[in-house]
Amino acid sequence: MIVSVTGATGFIGRRLVQRLHADDHSVRVLTRLRSKAELIFPVKDFPGVIIAEEAEWKDCIQGSNAVVNLAGMPISTRWSAEVCCGGFLLLGYPLFC
């Protein structure tokens with residue numbers, strides 16, 4: 001399969017990319033910072049993994065069999081009602097602050 005992953009440089013995303021790559025899937029890392037993704041997924045250890053910045057996301061997604069969205073706010077960000085609210089769903093239920 002060809003799988004595009006947002007949030008690939010995060011805690012869960014890193015492990016997902018590692019597993020998908022180990023299982024011989026084609027992986028596309030959709031990132032805001034190519035340099036960070038290249039440090040986490042060096043070509044010598046992850047040959048064939050495509051790292052794409054925002055301008056390339058649409059093309060990567062269109063050629064994918066699956067898209068996994070693990071992107072979110074950094075855990076170091078201080079959460080408030082303004083950050084928390086905004087129509088988010090948690091397990092299919094509206095999230096109210």
Side-chain angles (χ1 to χ4, degrees):
M1 285 181 64
I2 300 170
V3 183
S4 290
V5 182
T6 66
T9 60
F11 182 74
I12 296 170
R14 289 178 195 207
R15 283 139 186 92
L16 176 63
V17 170
Q18 291 167 348
R19 180 58 187 257
L20 289 169
H21 185 263
D23 289 347
D24 293 324
H25 294 287
S26 296
V27 182
R28 298 172 178 184
V29 172
L30 309 183
T31 185
R32 290 176 292 224
L33 294 171
R34 182 184 306 273
S35 58
K36 180 179 179 182
E38 288 173 340
L39 288 174
I40 295 169
F41 306 112
V43 173
K44 68 179 180 67
D45 297 327
F46 294 90
V49 168
I50 294 172
I51 298 175
E53 289 188 311
E54 287 185 62
E56 306 163 286
W57 289 7
K58 183 178 177 182
D59 292 334
C60 283
I61 289 170
Q62 286 189 358
S64 297
N65 300 105
V67 178
V68 180
N69 180 16
L70 296 172
M73 294 197 66
I75 197 163
S76 62
T77 302
R78 190 168 186 94
W79 287 32
S80 66
E82 294 80 27
V83 171
C84 178
C85 294
F88 294 105
L89 296 177
L90 179 62
L91 299 175
Y93 297 95
L95 179 63
F96 297 103
C97 296

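When a residue number appears, it is its place in the shown sequence, counting from 1. The structure displayed is predicted, hence computed values, not measured ones. Heavy-atom basis, side chains included; hydrogens, waters and symmetry copies ignored.
Between Ser64 and Met1 the shortest side-chain heavy-atom distance does not fall below 4.5 Å. Looking at Leu30 and Ile61, their side chains come closer than 4.5 Å, going by heavy atoms from C-beta outward. Residues Val68 and Leu20 form no side-chain contact, since every pair of their non-hydrogen atoms from C-beta on lies 4.5 Å or further apart.
Checking side-chain atoms of His25 against main-chain N and O of Val17 turns up no donor-acceptor pair under 3.5 Å. In this structure, the side chain of Glu56 engages the main chain of Glu53 through a donor-acceptor pair within 3.5 Å.
In the hydrophobic clustering of ILVMFWY residues, with side-chain heavy atoms under 4.5 Å counting as a link, Leu33 and Phe11 come out apart. When the side chains of ILVMFWY residues are joined at heavy-atom separations under 4.5 Å, either directly or via intervening members, Val3 and Leu16 end up in a single hydrophobic cluster. Both Val49 and Ile12 belong to a common hydrophobic cluster when Ile, Leu, Val, Met, Phe, Trp and Tyr are linked at side-chain heavy-atom distances under 4.5 angstrom.
Partners of Asn69 according to the side chain to side chain donor-acceptor pair (under 3.5 Å) rule, which considers only residues two or more places apart in sequence or in another chain, are Thr6. Looking at residues two or more places apart in sequence or on another chain, you find no side chain to side chain donor-acceptor pair (under 3.5 Å) involving Thr31. Take Arg15 and apply the side chain to side chain donor-acceptor pair (under 3.5 Å) test, not counting sequence neighbours, and it matches no residue.
Residue Ser26 holds its OG atom at 7.5 Å from CD1 of Ile50, rounded to the nearest 0.5 Å.
Test Val29, Ile40, Val5, Leu70 against Arg14 for side-chain contact (heavy atoms from CB on, under 4.5 Å) and you get one pass: Ile40.
The local environment of CZ in Arg34 is crowded, with over 12 non-hydrogen atoms from other residues, nucleotides or ligands closer than 6.0 Å.
Here the closest heavy-atom approach between residue Phe46 and residue Phe41 is recorded as CD1-CA, 3.5 Å. Minimum heavy-atom separation, His21 to Asp45: CE1-O, 3.7 Å.
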